[in-house]
Amino acid sequence: MARPFDVSAVEKKWQARWRDEGTYEVDNDDERERFYALCMYPYPSGAAHQGHIRNYTFGDLVVRYQTMHGKAVLSPFGFDSFGLPAENAAIKAGSHPRLFTEARMAELKSSVQRLGAVFDWRREVYSHDPAYMKWAQTIFLKFLEAGLAYRALAPVNWCPGCATVLANEQVNPDGTCDRSGDLVERRELEQWFFKITDYAEQLLNDVDDLEWPERVKTMQRNWIGRSEGVEFDLPLVEDPARGLRVFTTRPDTGFGVTYAVVAPEHPMLEELTTVDHRDEVRELVERARSASELERTASSDAGAGLEKRGAFTGSYVTNPFSAQPVPVYVADYVLGTYGTGAIMAVPAEDERDFAFARVHELPVVRTVEPPADHGEGPYAGEGPHINSGFMDGMDVASAKEAATAFLVAHARGERKVNYRLRDWLVSRQRFWGCPIPVVYCDVDGIVAVPLDQLPIVAPDDVVMDQSGQSPLATHEGFRDTSCPTCGRPARREADTMDTFTDSSWYFLRYADPFTPGMAFDPVQAAKWMPVDQYIGGIEHAILHLLYARFYLKALIDIGLAPGLPREPFKRLFTQGMIRLDGSKMSKSKGNLIAPEKYYDTVGADGLRLFHLFVGPPEDDVDWTAQTEDMIEGCARFVDRVYRLAHHDECFFHDEFTPEDEEVRREVHRTIAKVTSAMEGWSFNTAVAALMELLNTLSRWARRPEGAHLATLEESMDLMLRLLAPMAPHVTAELWEERHPGEPSVHATSWPVADPALVAHASVVMVVQVNGKIRARLEVSPDLSEGDAAAAALAAPEVVTTLAGATPQRVVARPPRLVNVIV
RNA sequence: GCCCGGGUGGCGGAAUGGCAGACGCGGAGGACUCAAAAUCCUUUGCUCGAGAGGGCGUGCGGGUUCGAGUCCCGCCCCGGGCACCA
């Protein structure tokens with residue numbers, strides 16, 4: 001494609017200038033109104049892919065747009081530079097993850113710089129920087145001190161193909177490894193946890209006030225999963241003073257409890273199991289322990305599998321409502337980690353209990369009358385209670401209240417709120433992450449590394465084999481140390497922290513990486529926080545956002561971040577994904593479309609415009625054969641702007657005609673349109689409005705009778721300012737040509753539409769007869785209803801169509817439309 | 001199964017209950033050129049018609065309304081999230 005100017009040279013020139021002059025550096029004591037714009041901390045996978053490009057196009061648009069509104073905009077950049085992919089790649093290539101990662105960082109940085117995205121590079125942060133690790137480890141130790149970090153035995157996800165433990169988010173819903181596709185196994189290991197469950201209530205409640213997409217808020221709420229119910233005892237028949245503690249959200253169905261179930265991990269299981277049932281119970285527990293998630297879920301679909309998944313313990317407990325004994329089963333459909341690990345089973349009102357009861361031939365007693373057409377199955381809906389003694393006739397809500405009161409009085413019951421959310425497992429048995437800064441001593445146990453010895457940085461000569469053991473554990477120089485308390489030989493923790501810990505506070509470091517001796521100065525950070533606009537992918541809707549929210553709350557509570565708002569991200573925008581051939585585009589699948597080829601041909605401005613123009617920013621983008629053409633179309637638009645600014649094929653006249661006046665009005669209407677589109681994140685229509693304006697201006701200036709020169713120049717200037725956040729290079733270049741020696745277009749203010757010019761002098765009113773358009777009339781915008789009706793009925797086309805018939809009704813909606821009904 | 005989104009030309013997509021298809025891509029025709037590229041102009045929902053003009057059109061079926069892509073009810077299909085959480 002032949003271009004009217006050297007796109008590459010122009011883009012390089014301006015990128016260099018923004019970087020060298022520190023145009024987008026902002027100081028913490030800046031007097032202007034503040035705005036914190038942030039794109040999600042990227043994992044350095046190499047040159048940017050189109051998902052990154054999309055992200056930074058939106059982010060940079062916000063930065064430049066807000067800057068034009070006179071604000072001090074904080075726009076930082078950095079890298080989520082620890083992580084498994086680099087470690088795997090390094091093992092494969094026989095190199096070091098740091099070398100590998102830093103090469104990828106350089107590529108990604110180059111990609112975003114060539115996009116023309118601007119940042120305050122003085123604030124750059126990357127996870128494997130010892131200066132960052134020092135504070136990451138300090139935070140860990142402060143959590144430990146505050147009881148927010150603890151160590152416990154837990155099952156983890158082990159991938160045999162990758163020979164390593166995986167993070168939960170790396171396991172597919174079907175229990176396979178996201179990377180290798182192998183079936184993930186469960187292994188029991190001593191692990192470090194963060195007590196995020198302490199914050200469940202706050203994390204749930206604070207979601208309400210966030211300006212986030214509703215669906216992300218819903219996902220957060222579902223993930224936390226609050227449920228209100230009752231915890232109470234089912235007394236043991238053998239020893240009624242003791243009981244099997246259960247949790248239920250449906251105490252009202254208590255009369256329908258025909259059996260109880262404990263999880264295979266339940267502490268009372270052994271005691272409950274009678275001699276003659278020992279073998280079956282043991283077999284079931286063994287199966288449950290070794291079974292992968294996949295096997296457990298797969299068998300739940302088929303009724304045939306259910307029988308094998310439960311066994312009678314031989315014991316009985318008493319249903320406190322009916323005072324009848326009911327059998328206790330063990331089954332893996334009850335989870336050891338939720339509630340009390342034991343349930344009261346109500347087959348008539350619960351799907352799972354029903355399926356289990358059917359296989360094991362347990363009685364089903366309805367306690368809620370289902371609708372007449374309901375049939376055999378379980379019914380969990382609303383209805384009057386039956387077979388329920390004192391609750392008979394009550395609706396579900398009042399029966400719940402009555403049942404709860406009963407349990408509190410008679411079964412050691414108490415109201416209880418449970419959460420689905422589990423504590424955050426932060427240990428990783430891998431090398432390329434931030435080491436957990438503790439030491440194990442035979443005498444003193446777990447000992448924190450003294451703060452003045454941080455950061456603990458892993459040595460370079462570690463063997464990263466595939467044994468599955470933490471690589472650091474095999475390095476004697478790292479492993480063997482002395483106890484900071486007693487001085488005796490001790491060993492270092494060999495696990496590293498989940499990389500989600502790094503991305504949970506980086507935005508605080510950005511706000512103030514300058515103050516020595518602190519992760520960030522809370523006084524400085526408070527000037528920027530919360531992030532005004534956070535932009536990233538929907539794939540982080542749950543984990544990253546939840547973890548970062550937890551971190552900030554915890555940091556405030558342990559005194560590291562006094563005075564900061566308790567929520568980190570005020571507004572969140574989640575962009576759509578780039579899809580190739582209908583599948584999700586990801587680095588692991590290798591189907592990336594590098595931006596570099598576009599920089600060299602259409603230019604960054606063209607590529608940015610494409611991403612803005614292709615559709616609503618929240619929608620997914622299908623990268624197809626047509627995409628190349630669309631990108632070229634956007635570059636064509638850039639060229640047309642350039643040519644018009646250079647008066648290519650234009651003609652001019654001197655006096656200001658009504659046509660010139662109308663063009664001027666059109667410009668102001670465009671200002672109004674683009675401004676509201678920008679505010680509403682409708683970037684595609686903002687670009688369309690500018691394309692329309694360009695079409696209008698070009699046609700006008702190329703008429704033989706010509707255009708009013710001063711009006712064209714005024715229009716061009718306004719258009720360049722509107723276009724500046726979208727296509728920063730060409731607008732900066734043209735502005736400099738037109739205004740040599742003056743401040744850049746990016747230093748001008750965002751245009752404001754003149755309301756007097758936005759208004760139309762006359763508009764076209766549509767006249768319908770029975771809903772069909774018969775005439776168009778040019779009318780004044782403030783035409784009255786009566787006048788509109790009269791004008792419509794007088795229109796010749798209407799008279800002809802009516803052919804003498806009398807209108808039944810005339811609906812006048814001036815100045816848009818009149819509908820004549822006959 | 002449950003909970004969210006979403007179905008509009010050949011394609012990406014526009015449309016405070018009031019002219020469906022803005023803008024762009026692609027297609028067709030033309031100008032310029034020895035020719036091509038680039039650029040510019042015209043045209044482009046489907047369909048009947050030589051034409052003027054008519055009919056049909058926003059996943060399907062109903063409804064509300066003078067008027068529905070938009071609101072209501074019932075379906076179908078696609079995408080995403082959750083999926084033994086008691």
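Lettering of chains follows the sequences in order, A, B, ..., and the numbering in each one begins at 1. Computed over heavy atoms, backbone and side chain alike; hydrogens, waters and symmetry mates excluded.
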Enquirer: Could you check which of A86(B), G12(B), G81(B) has an atom nearest any side-chain atom of M219(A)?
Expert: G81(B)
Enquirer: May I ask you to say what S227(A) touches in the nucleic acid, namely base, sugar-phosphate or nothing, with a heavy-atom cut-off under 4.0 Å?
Expert: sugar-phosphate
Enquirer: For the P atoms, the ones on U70(B) and on G79(B), what distance do you get once it is rounded to whole angstrom?
Expert: 24 Å
Enquirer: With a 4.0 Å cut-off on heavy atoms, is T685(A) in touch with a base, just the backbone sugar-phosphate, or nothing at all?
Expert: sugar-phosphate
Enquirer: Tell me: CH2 of W681(A) to C1' of G13(B), nearest whole Å?
Expert: 19 Å
Enquirer: If you restrict it to nitrogen or oxygen atoms, what contacts under 3.5 Å exist between nucleotides 16-19 of chain B and the protein, and what is each distance?
Expert:
residue : atom : partner : partner atom : Å
U16(B)  : O4   : R816(A) : NH1          : 3.4
G18(B)  : O6   : R813(A) : NE           : 3.0
C19(B)  : O2   : R776(A) : NH1          : 2.2
C19(B)  : N3   : R776(A) : NH1          : 3.4

Enquirer: Using the C1' atom on both, measure C2(B) against U8(B) and round to a whole Å.
Expert: 29 Å
Enquirer: Go through the side-chain N and O atoms of H611(A) and Q50(A) and say whether any donor and acceptor fall under 3.5 Å apart.
Expert: yes
Enquirer: Determine the contact category for D350(A): base if any of its heavy atoms lies under 4.0 Å from a base atom, sugar-phosphate if only primed atoms, P, OP1 or OP2 are that close, otherwise nothing.
Expert: nothing
Enquirer: Tell me which nucleotide among G80(B), C25(B), G12(B) gets nearest to the side chain of R636(A).
Expert: C25(B)
Enquirer: Determine the interatomic distance between C1' on G45(B) and the same-named atom on G26(B); round to the nearest Å.
Expert: 15 Å
Enquirer: What's R221(A) touching, base or sugar-phosphate or nothing? Going by heavy atoms closer than 4.0 Å.
Expert: nothing
Enquirer: Would you mind pulling out the nucleotide paired to A28(B), Watson-Crick or G-U wobble, both distances under 3.5 Å?
Expert: U42(B)
Enquirer: Counting N and O atoms only, with roles assigned by atom type, does the side chain of D423(A) sit under 3.5 Å from a partner on the main chain of I196(A), one being a donor and the other an acceptor?
Expert: yes
Enquirer: Report the base-pairing partner of C2(B) (Watson-Crick or G-U wobble, both distances below 3.5 angstrom), or none.
Expert: G81(B)
Enquirer: Looking at the side chain of A2(A), which of A38(B), A14(B), G12(B) is the nearest nucleotide?
Expert: A38(B)
Enquirer: Whole angstroms only, please: what is the CG-C1' distance between L690(A) and G24(B)?
Expert: 14 Å
Enquirer: If we call it a pair only when both distances are under 3.5 Å in a Watson-Crick or G-U wobble match, what pairs with G12(B)?
Expert: C23(B)
Enquirer: Which part of the nucleic acid, if any, lies within reach of N695(A) when heavy atoms closer than 4.0 Å are counted: base, sugar-phosphate only, or nothing?
Expert: sugar-phosphate
Enquirer: Once you apply a heavy-atom cut-off of 4.0 Å, does I343(A) come out as touching a base, just sugar-phosphate, or nothing?
Expert: base
Enquirer: Would you kindly say whether N418(A) and R226(A) are connected by a side-chain donor-acceptor distance under 3.5 Å?
Expert: no
Enquirer: Out of G80(B), A14(B), G12(B), which nucleotide sits closest to the side chain of M630(A)?
Expert: G12(B)
Enquirer: If I pick the C1' atom on C32(B) and the same atom on U44(B), what distance separates them, to the nearest angstrom?
Expert: 23 Å
Enquirer: Could you tell me the separation between the NE2 atom of H646(A) and the C1' atom of U39(B), rounded to a whole number of Å?
Expert: 16 Å
Enquirer: Out of Y338(A), F354(A), F356(A), which one pairs with Y333(A) under the ring pair (Phe, Tyr, Trp, His ring centres under 6.0 Å) rule?
Expert: F356(A)
Enquirer: Counting only side-chain heavy atoms from C-beta out, which of C25(B), G12(B), G80(B) sits nearest to D629(A)?
Expert: C25(B)
Enquirer: Measuring only the P atom in each nucleotide, how far is C4(B) from G10(B)? A whole number of Å is fine.
Expert: 33 Å
Enquirer: Looking across every strand, which nucleic acid part, if any, lies under 4.0 Å from Q626(A) by heavy atom: base, sugar-phosphate, or nothing?
Expert: base
Enquirer: Roughly, in whole Å, what's the span from CG in L612(A) to P in G13(B)?
Expert: 15 Å
Enquirer: For R640(A), answer base if it contacts any base atom (sugar-phosphate contacts may also be present), sugar-phosphate if it contacts only those atoms, and nothing otherwise; contact means non-hydrogen atoms under 4.0 Å.
Expert: sugar-phosphate
Enquirer: Does C71(B) have a Watson-Crick or wobble partner in any strand here, with both distances under 3.5 angstrom, and which is it?
Expert: G63(B)
Enquirer: Rounded to whole Å, please give me the gap between CG in D332(A) and C1' in C84(B).
Expert: 9 Å
Enquirer: When the distance from CD1 of I542(A) to P of C82(B) is rounded to whole Å, what number comes out?
Expert: 5 Å
Enquirer: Within 45 degrees of the ring normal and closer than 6.0 Å to the centroid, is that where the cationic atom of R579(A) sits relative to W623(A)?
Expert: no
Enquirer: Hey, which of these two, G336(A) or R420(A), hits RNA chain B nearer its 5' end, going by closest nucleotide?
Expert: R420(A)
Enquirer: Taking atom P in both A14(B) and C3(B), what distance in whole Å separates the two?
Expert: 28 Å
Enquirer: Between E632(A) and Y598(A), is any side-chain donor less than 3.5 angstrom from a side-chain acceptor?
Expert: no
Enquirer: Got a salt bridge between R358(A) and D353(A), using NZ or NE/NH1/NH2 to carboxylate O under 4.0 Å?
Expert: no
Enquirer: Under a 90° cut-off about 0 for the syn range, is G9(B) syn or anti?
Expert: syn
Enquirer: C1' atom, G9(B) versus A22(B): distance in rounded Å?
Expert: 14 Å
Enquirer: Please tell me whether T340(A) and E231(A) have a donor and an acceptor in their side chains that are separated by less than 3.5 angstrom.
Expert: no
Enquirer: Quick one: on RNA chain B, does S682(A) or T624(A) contact a more 5' nucleotide (nearest heavy atom)?
Expert: T624(A)
Enquirer: Students often get this wrong, so: under 4.0 angstrom with heavy atoms, is R809(A) touching a base, only sugar-phosphate, or nothing?
Expert: base
Enquirer: Without hydrogens or angle criteria, can the side chains of E778(A) and S762(A) be said to hold a donor-acceptor pair below 3.5 Å?
Expert: yes
Enquirer: Verify salt bridge (charged side-chain N to carboxylate O under 4.0 Å, His left out) between D620(A) and R54(A), making sure each step is shown before the conclusion.
Expert: CA-CA 11 Å; D620(A) 288 352; R54(A) 206 166 161 70; over 6 Å; no
Enquirer: Using atom CG of D619(A) as one end and atom C1' of U8(B) as the other, report the distance to the nearest whole Å.
Expert: 14 Å
Enquirer: Rounded to whole angstrom, note down the P distance from C72(B) over to G18(B).
Expert: 15 Å
Enquirer: Find the distance R245(A):CZ to A86(B):P and express it as a whole number of Å.
Expert: 17 Å
